[in-house]
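Notes follow once the structure below has been shown.
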Amino acid sequence: MANPKRPGARRGPVVVASLLALVAAGGLSFWGATAAADFIESRAMRDVSAALAGQDWVTVKTDGLQVQLGGIAPDEVQRFRARAQAETLVGAGRVVDDMQVAAAAALATPAFEIELLRNDEGISIIGLVPAGVDRKALVERLKRQTGAAQISDLMESADYPEPEGWDEAFAFGLKAAQLAKRAKVSIAAGAVSVRAVTDSPREKVDLQAALNRARPASVKLAAEITAPRPVIAPFTLRFVKDDSGARFDACAADTEAARDRILAAGREAGATGQPQCTLGLGAPSPRWADAAVPAIAAVKSLGAGAVTISDTELALFAPAEVPADRFDEAAGRLQAALPAGFNLTAQHEKPDAAAQGPAEFVAVLDHDSVSLRGRITDDRMREAVESMARARFDHVDSALRSDDSVPGGWTLRAIAAIEAMTGLERGTATVTPDLVRISGVSGNQTASDMVAARLAQRLGPGARYELAIRYDKRMDPLLGLPSGPECVDRLNAAMRESEIGFEPNKSVIAGDPGPTLARLAETMTLCGDFRIELGGHTDSQGSEGFNAELSRSRAQAVLTAMTEAGIDTANLTARGYGESRPIAENDTDAGREANRRIEFTLLADEPVMVEAPAPAALVKGVTEPPEAVAARAEAAALRAASAAIGPALGVPTDPALALQAATEPAALAVAPVAPVEAGALPAAATVLPDQLAIQAATRPAGDLLPPPVAPELAATRPLAGLLVEAATETATMPAATVVEPDRPQPRPATP
């Protein structure tokens, strides 16, 4: 029997075949995967390299599906850009970032710079300084050198080395802050900038010279120094031509153009060298040069003489050797050439007076200062006259010369002239052997009468006088018109109490400015003839240029609002100061609020002359005996008493007599009293001698009035006890309420 086949023998070939099939399949798969990986790798290599072709610092390698980026990037930005470009092509998970960033160069030293802001309140220091600066020692040093009450340290520091030139500039900047009392000092490496304000041109020159001396050779200096023009009062010019030549003894001008015209006229009249003429505020008229130039020309035409201008008063003097016809022509031409508002006094020395010597005494008054010139008897009399002047005025400038040839009674006449000027604001008294001449300006409507009374009291009867005293209502204490400084104080008070606000960082007025404008209008009705500036100010936030423009536009906005409200703004100007004039620190909200303001500033003490003042009335006369003055005073007191008490008690009174008693100024019937008292006190309080006033107020009615008053009552009861309401009012009414403005008034006849 044949042997059957075994199962294992049959399966062997099948297993082998299966293994071969598996091997073949694996090989094919491996080959396929390898081929695919190579394709993807080469494709990624090609695409990424092409995308980064513009960045030659990048190296691209592939490792299978991964793309390796290498190289040294110039900075982090370039590195990030290269990686982002690769990730957009192959996906973020396949990019391997092996790139490096080049080492950063050493950082540059920051720009160290500080500003020292110095004003009357103290010093503020702002800016960036090297960490090596001892800030505490710096503050102490500035306190010690400048004496500043407060120093605010607002600096920051950085830990970097000091740049070249910093130490020299820093030391010089501190010195500049010490020299300039109101300044902004900017300090940088090798450079210092100084912006300062001085009180006078002389101080400006001194500060500039001091800065130049202190500046190190290695430091650049940029200095901008300004000096506000001084206020000159009175505005004065004096030009003289004599044997020594032509010259300016004094010269003031309101503008550069006016100064050039005046100096040119002086040179044409013979002045040599480099004459000086001070620019200042306070000119009484914008046509100051129009008066000064022909005045100098008048001296030139005389050939010798002098002209003095004090505000609007001109005095032309010619010596005796000048022919009379030439003097008359020069004075006439000058009078015709003067602008409106200027007054001329011309004096020609007489030949006979020149031969025997100038027997003349002159006193020139300007507010509380008096200048004495001319001749006096001897040293003892000179001391007496000067002592009298010092008792009447605050400042006395005496250049009196002793001369025993002057006429008798000369010292008494000089003293009388000084006393007579007591009630004037400005004026000139000239004493000659046969005449006392007094001219000037006063705020008292009865000044001429009071001057005449003073002369009569001192000189007795028979002394000739000439008076030309002009009334100025702004000087009248009874009217209470404010002065220039008082006007500015009132305007600033109105702004403080109901301030006009603005929208933030704009010049648009916020809210209702009506109440403030109403208060400003009330003040400006009395102050419209003063030159006043509206100054705009800001805090220190924002740029300096922006703040300057913002402050200017805000000041202009207030000025426009005042004009639209009907306020007279013809003499107002607007100016912006930005952050340059703080009144408080800018590091607090309250300080910044205080610095944001509109402020009024007076530009000239004297008001602008809109129209020519009324000329002074010339009063000529002869002094009366003291007995006549006393009799007139007693008669006036009796008339006032009888006119007051008569209607009250039913006693017939002459209407004309009552009218005279009610309207006659007290000054016409009384001896001298102070102008303020003469205008404000009752008439009875100013009657002299004093016993007359006492008698008029206390004499029994029986001495003054007829029945029906009971004799026993009239004999024992003072007049004041019988007065009723109407009489009391008449007896106590201030003289100012009944004085007529025209001066001098006619003196009524004594009934």
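What you see below is based on every heavy atom in this structure, not just the backbone, and it leaves out hydrogens, waters and symmetry mates. In this text, all values refer to a predicted model and were calculated from it rather than measured experimentally.
- Within the structure, the side chain to side chain donor-acceptor pair (under 3.5 Å) test picks out the following pairs touching residues 513-524 (sequence neighbours left out): E497-R519, S498-T516.
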Derivation and outcome, side-chain contact (heavy atoms from CB on, under 4.5 Å), residues M524 and L572: CA-CA 10 Å; M524 287 301 295; L572 299 185; 4.0 Å; yes
Solution key, residues 501-513 side-chain donor-acceptor pairs under 3.5 Å, sequence neighbours excluded:
from : atom 1 : to   : atom 2 : distance (Å)
D512 : OD1    : G514 : N      : 2.9

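- A salt bridge is defined here as a Lys NZ or Arg NE, NH1 or NH2 lying under 4.0 Å from an Asp or Glu carboxylate O, and R261 with D290 meets this definition.
- Using modelled atom types, one side-chain atom of S543 and one backbone atom of F546 make a donor-acceptor pair closer than 3.5 Å.
- With no hydrogens or angles considered, no side-chain donor-acceptor pair links E113 and S186 at under 3.5 Å.
- Note: F342 and W288 have tilted aromatic rings, judged against thresholds of 30 and 60 degrees for the angle between ring planes.
- With sequence neighbours excluded, no residue forms a salt bridge (Lys or Arg N to Asp or Glu O under 4.0 Å) with K204.
- Remark: the backbone N or O of D394 is not paired with any side-chain donor or acceptor of D368 at under 3.5 angstrom.
- The closest donor-acceptor contact from the side chain of T198 to the backbone of T226 lies under 3.5 Å.
- Nearest heavy-atom pair across G536 and A555 is N-CB, 3.8 Å.
- When the salt bridge (Lys or Arg N to Asp or Glu O under 4.0 Å) test is applied to D397, the partners found at least two apart in sequence or on another chain are R373.
- Looking at every heavy atom in both residues, A291 comes nearest to L314 through O-CD2, 4.3 Å.
- Counting heavy atoms from C-beta outward, V194 and L211 have side chains that approach closer than 4.5 Å.
- In this structure R426 satisfies the salt bridge (Lys or Arg N to Asp or Glu O under 4.0 Å) test with no other residue, sequence neighbours excluded.
- Taking NE2 of H395 as the reference point, atom CG of D366 lies at 10.5 Å (rounded to 0.5 Å).
- Salt-bridge formation is detected for the pair K184/E544: a Lys NZ or Arg NE/NH1/NH2 atom is positioned less than 4.0 Å from an Asp or Glu carboxylate oxygen.
- Among residues at least two apart or in separate chains, disulfide (SG to SG under 2.5 Å) pairs with a member in residues 483-558 are C487-C527.
- No side-chain donor-acceptor contact under 3.5 Å links S551 to the backbone of E549.
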